[in-house]
Amino acid sequence: MQTKEKIAAAVKSAVEAAMNDGALKFSDTLPDVALEVPPKKEFGDFATNFAMQTAKIFRTSPKKIAEEIKARISSDIIERIEIAGAGFMNFYLRGDVIYRELKKIFDAGKNFGHLPNKGNVTIQVEYVSANPTGLLHVGHGRGAAAGSAIVNIMRAAGYNVESEYYINDAGNQMDKLTKSVNARYLELLGEKIDFPEDGYQGVDIIDTTKRIIARHGDKFITLPEDERLKILGELAYVDKMLELKDDLENFGVEFDVWFSERTLHPDKINAAIEILKSNGGIYEKDGALWLASSQFGDDKDRVVVRENGEPTYLAADIAYHKNKFDRGFGELINLWGADHHGYVARVKAAMKMLGYNPEKLKIIFLQMVSLFRGGEAVKMSKRAGTAIPLRELMAEVGTDAARYFFLMRSTDSQLDFDLDLAKSQSADNPVYYVQYAHARICSIFRQTSEAGLTIDDEPKFSLMNSTAEVDLINKIFEYPDEIAKAAEEYAPQRIARYVYDLASTFSAFYRDCRILGVEKDLAIARLALLKVTRHTIEHALNLLGVSAPERM
RNA sequence: GCGGUUGUAGCUCAGCAGGAUAGAGCAACUGCCUCCUAAGCAGUAGGUCGCGCGUUCGAAUCGCGCCAAUCGCACCA
């Protein structure tokens, strides 16, 4: 049991004792005993506002409640309790508690940071899901970083997670890709063409076409238009998918499942539509089929099948989400660009009408990314003629900096990405700062190892009682809680922030506490603490998908 | 007009299941390398938490209204 839980349990039984004695009376349900690490050290190691929260329930002053609890509490880890402020209970732990706790973490080794399994349900996280019609841009990069970090964090927190990429490989966008590549193909082979008005203008389309020509030459030029379109479309699709997977791999992003939209056409889409038709969720009007989404919170009804018989994107999305629910996930998490928020109501309405619980579908929005260089916004890529491709960003600032910067901010804040800062190799740059702390620890290990200093199984942790040492120990204790919260809130920025704070706490330790040149038992205890610290930094950086270099 | 998100130090942002004197980094100023990486550390200064009203013993945090920024409101995705 964690220290926190032990204290909470002790408080709870004290409350029960007080009620049995008649000192406290109530007729309502009591809240949980929430323990927090107080903002100031003089407020103890842990604190709870339980007495203040229950003042109304017990119809007594918070101070009296706190006194009654304090009088009845019994715990072998609490040294003393002080009642402060408006009724806070501040707990001061017995001196040896943190060393026993540290020993547990030390013994856990690489398992520290991996929380107990949360049961058998699997949670699906779907993210990126960009159309295979162009290069991933920095907005997708933010989604890729956030999605992969959330998956990593949730797994560390003990959830079973499956990641998925939905490939929009059907419909208009693919037609546009096909027409664009066809035009470039003819153009590159010397034909005079009119580039399609709604085609993709980016150079990446020309690059794709060049690769196709390099492989297959001009042999499609003589084919009838429809046959050529069919072949070029497929070749372009394959090329675009390779390009996309390549970028993601270089960005440290992997998926368990690649789900093709084509597999939904037409049977699964029709099946979903039939169900909705039969239960009144879909009706016909003006030659089109409409989803009656306004009955379930949407602004208006939406077209599912166009007048011309083509299903809309929404039709595929309904079938897709139905399929997800049918696969039995305990929870579905989608990461969407903020510009898609208008879709939530209609998709949830459809799920409700299909008999699923829309509450199980959680949608996380990623706000926009703006790049800045020299204080100026950078909007377009000079080479690509489009939004800045992720690969250009990676080439400029590196994967580690790109990922860390994407993850520093909460997903629902717009992100100003300072390219100059991300590139700078200085303490101003948070990712370097954290990595530097890790490299420094590794350096210490190299030198202590040369000096013949080795850690044994029973380091004398209690020798470490200075502020810098105790601060670092306590900071490490916070890690499992941070993982749990980051997972619950889908908030990778918590980990980014935590590891930065940890690096900062370590830096103070580094200043005050030498290893080489101090008495051997103390040196070994400190070294053991650094082992735990190094592991924690590395573990947290891994969750973020950022490397932990041993030298810098 | 309707809806989402955001508004906290000069700048970029944490904090938001209500709680103790609102935090961090950058920028500014001041110190610190005979010492395991100065890619570092310590300190000073900097705030009507957009505005107003309300709920509460207590509001940056919850509710309502307003203002501003941004995204969206297709038989596009």
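In what follows, chains carry the letters A, B, and so on, assigned in the order in which the sequence lines appear, proteins first and then strands, with residues in each chain numbered from 1.
Rounded to the nearest Å, the gap between the C1' atom of B:A69 and that of B:U8 is 16 Å. For the C1' atom pair drawn from B:C35 and B:U44, the interatomic distance equals 27 Å after rounding to whole Å. The separation of B:A74 from B:U55, taken at their P atoms, amounts to 41 Å, rounded to a whole angstrom. Distance noted for atom P between B:U61 and B:G52: 12 Å (whole Å). A distance of about 23 Å separates the C1' atoms of B:C11 and B:C16, rounded to the whole Å. Annotation: B:C41 and B:C26 have their P atoms spaced 9 Å apart (nearest Å). Using C1' as the reference atom, B:A27 and B:C71 are 31 Å apart when rounded to the nearest Å. Annotation: B:G65 and B:G4 have their P atoms spaced 11 Å apart (nearest Å).
In this structure, the nucleotide among B:C75, B:C36, B:G4 sitting nearest to the side chain of A:Ser443 is B:C36. Closest approach to the A:Arg514 side chain among B:A20, B:G4, B:C35 is made by B:C35 (side chain taken as heavy atoms from C-beta onward). Distance from the side chain of A:Ala47 is smallest for B:A20 among the nucleotides B:C36, B:A77, B:A20. Listed candidates were B:C36, B:A42, B:C57. Nearest to the side chain of A:Lys56 is B:C57. The side chain of A:Arg511 sits closest to B:C41 out of B:C41, B:C75, B:G19. For A:Tyr343, the side-chain atoms get nearest to B:A77 when compared with the rest of B:G23, B:A77, B:C36. The side chain of A:Lys300 sits closest to B:A74 out of B:A24, B:A74, B:G15. Out of B:U21, B:U5, B:C75, the shortest distance to the side chain of A:Glu42 is found at B:U21. The A:His340 side chain lies nearest to B:A77 when the options are B:C13, B:A77, B:G19. Each of B:A77, B:C36, B:A20 was ranked by its minimum atom distance to the side chain of A:Tyr510; first place goes to B:C36.
Nucleic acid contact class of A:Ala345 (heavy atoms, under 4.0 Å, all strands): none. Note on A:Gln447: only backbone sugar-phosphate atoms sit closer than 4.0 angstrom, heavy atoms only; bases stay farther off. No contact: A:Asp299 has no heavy atom under 4.0 Å from any strand.
Distances shorter than 4.0 Å separate some side-chain N or O of A:Ser410 from OP1 or OP2 on B:A14. Between A:Tyr433 and the phosphate of B:C41, there is a side-chain N or O to OP1/OP2 separation shorter than 4.0 Å. The side chain of A:Thr448 places no N or O atom within less than 4.0 Å of a non-bridging phosphate oxygen (OP1 or OP2) of B:C36. Checking the phosphate oxygens (OP1, OP2) of B:A14, a side-chain nitrogen or oxygen of A:Ser413 falls inside 4.0 Å.
Taking 4.0 Å as the cut-off between side-chain N and carboxylate O, A:Lys324 and A:Glu164 do not count as a salt-bridged pair. Looking at A:Arg446 and A:Glu450, no side-chain N of the basic residue comes within less than 4.0 Å of a carboxylate O on the acidic one, giving no salt bridge. By the 4.0 Å N-to-carboxylate-O rule, A:Lys475 lies close enough to A:Glu478 to be salt-bridged with it. Classification of A:Lys285 and A:Asp301 as a salt-bridged pair fails, no side-chain N sitting under 4.0 Å from a carboxylate O. By the 4.0 Å N-to-carboxylate-O rule, A:Lys240 lies close enough to A:Asp204 to be salt-bridged with it. By the 4.0 Å N-to-carboxylate-O rule, A:Asp471 lies close enough to A:Lys41 to be salt-bridged with it.
Taking atom CD1 on A:Ile57 and atom P on B:U56, their separation rounds to 16 Å, with Å as the unit. A:Met52 places its CE atom 5 Å from the C1' atom of B:G19, with the value rounded to the nearest Å. If you measure from atom CG of A:Asp400 to atom C1' of B:A39, you get 15 Å, rounded to the nearest angstrom. In this structure, A:Asp512 places its CG atom 13 Å from C1' of B:C32, rounding to the nearest Å. Residue A:Lys485 contributes atom NZ, which lies 11 Å from atom P of B:G15 at whole-angstrom precision. Rounded to whole Å, the distance from CD on A:Gln414 to P on B:U5 is 13 Å. Atom pair A:Asp412:CG and B:U70:P shows a separation of 18 Å (rounding to whole Å applied). Regarding A:Ile363, its CD1 atom lies at a distance of 16 Å from the C1' atom of B:C71, rounded to whole Å.
Taking a centre distance below 5.5 Å and an interplanar angle below 30 degrees as the stacking criterion, A:Phe88 stacks against the six-membered base ring of B:A20.
At a cut-off of 3.5 angstrom, counting only N and O atoms as typed in the model, there is a donor on one side and an acceptor on the other between the side-chain of A:Asn90 and the base of B:A20. One cannot find a donor-acceptor pair under 3.5 Å joining the base of B:A24 and the side-chain atoms of A:Tyr500. Side-chain to base pairing of A:His341 with B:G3: one donor and one acceptor N or O lie within less than 3.5 Å of each other.
By the 6.0 Å and 45° rule, A:Arg440 does not stack over the aromatic ring of A:Phe506. In this structure, A:Arg403 forms no cation-pi arrangement with A:Phe406, as its terminal cationic atom is not both closer than 6.0 Å to the ring centre and no more than 45° off the ring axis.
Residue-to-nucleotide proximity on RNA chain B shows that, of A:Arg409 and A:Asp339, the 5′-proximal contact is made by A:Arg409. Mapping A:Gly171 and A:Arg551 onto RNA chain B by nearest heavy atom places A:Arg551 at the nucleotide closer to the 5' end.
With a glycosidic angle no more than 90° from 0, B:C33 adopts the syn conformation.
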